[in-house]
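Every number for a ligand or one of its atoms is a count from 1 in the order of the listing.
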Amino acid sequence: MQRRHFLGTLAAVSVFPHDGFGQTSTSRLVAGVHRQQVLPAGYPGTEMWSFDAAFPGTALRARQGDRLAVTVENQLPQATSVHWHGLRLENGMDGVPGLTQAPIAKGASFDYDFALPDAGTYWYHSHAKSMEQIERGLYGPLIINEIDPPDVDQDITLMIDDIRLEQDGSFAAFDNFHDLSHAGRIGNLWLANGQIDPAYPLKRGERVRVRLINAANARVFTLGLQGFDGWVVALDGMPLNDPQALPEELVLAPAQRVDLIVDVTTDDEEAFLITFERDGGYAIAHFPVSGPSKAARSEKVILPPNPDFPIDLANARTATLLIEGGAMGGMRAARLDGQELGARELAGRGLFWALNGVAGRPETPLLDLSLGESARIGMANNTAFPHGMHLHGMHFSEVLADGSLGPLRDTILLNPQETREIAFQAHNPGDWLFHCHMLAHHQAGMGSWIRVSA
Ligand code: C2O
Ligand code: CU
């Protein structure tokens with residue numbers, strides 16, 4: 001309300017950068033242990049690992065063009081690191097232990113400090129023992145505001161998750177070979193912002209920006225927003241040039257995000273965020289609606305574009321990525337540290353997946369690119385499970401069947417037996433992880449990397 005009033009009277013302000021444009025927002029995040037009531041009332045609370053004793057952690061907000069400086073202090077019982085998922089930042093700040101930094105030891109801290117070239121919806125999460133640390137709660141939203149943000153009445157971020165708890169509130173065991181070799185760690189409790197079916201009151205006719213972030217270990221959510229009309233305006237943080245009408249179902253793989261700008265159009269008392277599962281649809285958040293307060297707007301919103309790094313498909317370097325392994329997959333052997341090992345030996349070390357015949361992060365990158373060069377990677381999922389492949393540091397486009405390029409993304413879902421091709425311009429120098437964001441799969445071997453040399 002307040003903000004809209006200001007926008008109406010101070011349109012000129014955005015031309016003159018004022019409160020801190022080009023400056024550094026400074027924060028401190030303490031990774032530690034806290035208790036939270038996650039199971040319904042009446043059940044015991046849960047010991048979470050989290051940032052700033054909150055699950056999800058503090059929402060970090062900054063403005064496009066600024067810098068973000070975050071000191072992460074580790075008060076966990078083990079080493080950690082923080083990855084700023086989806087940000088096209090400098091390599092040394094990417095938070096990958098063993099590739100871009102040393103892990104932050106228990107009791108130590110690390111100063112992250114990076115520029116923010118892109119606006120959009122991102123998230124931050126632990127990148128050490130991620131299957132366990134993210135499941136235990138080490139993640140939070142990272143929102144980079146546009147210099148000239150769209151006019152909305154409310155801006156709601158929903159971090160969708162499913163975690164697996166026991167009846168006593170504790171986390172189900174993590175040393176589970178079934179999770180590692182099948183779909184990953186699928187939860188038994190659906191959460192939005194750490195709560196079961198939370199409520200966000202809205203007024204009829206209001207325009208709402210909804211930022212959906214899939215923070216789950218492995219679940220691919222099929223989501224529906226009921227009681228609204230509007231558009232999908234961004235995917236994985238990146239604005240769509242041509243926003244799409246809100247579809248009935250939005251498929252969100254782990255780590256993917258979608259930004260919606262929607263109007264509350266229902267005549268009912270409630271609107272819903274639904275997850276469609278095999279056996280039906282369930283509300284994972286709801287929106288009590290009151291009003292009428294205002295007439296719904298109808299003009300479509302196009303977010304301002306982020307910096308563009310055009311892809312030269314014709315002259316691109318190419319690579320292929322064969323995804324193998326898992327139960328019912330029949331991977332016979334794979335290389336580990338330069339040695340050929342049989343499936344049984346690999347399983348003994350908790351490894352079940354291979355990329356191009358290598359289990360775990362290989363010594364040499366999948367591609368060694370020069371700055372500015374374009375690349376294409378054809379991927380084949382030769383397994384019985386879905387995988388969400390995520391590239392750090394740069395967004396890519398899918399090369400569609402007709403040869404055109406799809407929207408920019410940082411994570412792409414490959415269903416069983418699917419083949420997909422992605423392309424990108426190597427505009428960001430450094431060593432960038434390229435891995436499955438089904439965290440059990442990454443732990444069990446599905447991780448490669450790409451080098452961009454300046
Ligand atoms: Cu969301 Cu390798 O990260
Ligand atoms: Cu996977």
N, O or S atom of H387 closer to the Cu ion (ligand 2) than 2.8 Å: yes

N-O pairing of R317 and D368 below 4.0 Å: no

Pair E277 + R219, salt bridge at N-O below 4.0 Å: yes

Atom of Q36, atom of F55 and distance for their closest heavy-atom approach: NE2-O, 3.1 Å

Atom 1 (Cu) of ligand 1: angle it makes with NE2 (H125) and NE2 (H437), nearest 10 degrees: 110°

Short N-O contact, R409 and E398, less than 4.0 angstrom: no

Atom name in H435, limited to N/O/S, at shortest distance from atom 2 (Cu) of ligand 1: NE2

Aromatic contact, H390 with H442 (centres under 6.0 Å): no

N, O or S atom of H442 closer to the Cu ion (ligand 2) than 2.8 Å: no

The Cu ion (ligand 2) to H441: nearest N/O/S atom name: ND1

Atom 1 (Cu) of ligand 1 contact by H83, N, O or S atom under 2.8 Å: no

Proximal heteroatom of H85 relative to atom 1 (Cu) of ligand 1 (N/O/S): ND1

N, O or S of H392 under 2.8 Å from atom 1 (Cu) of ligand 1: no

Donor on one side chain, acceptor on other, T80 and Q133, under 3.5 Å: yes

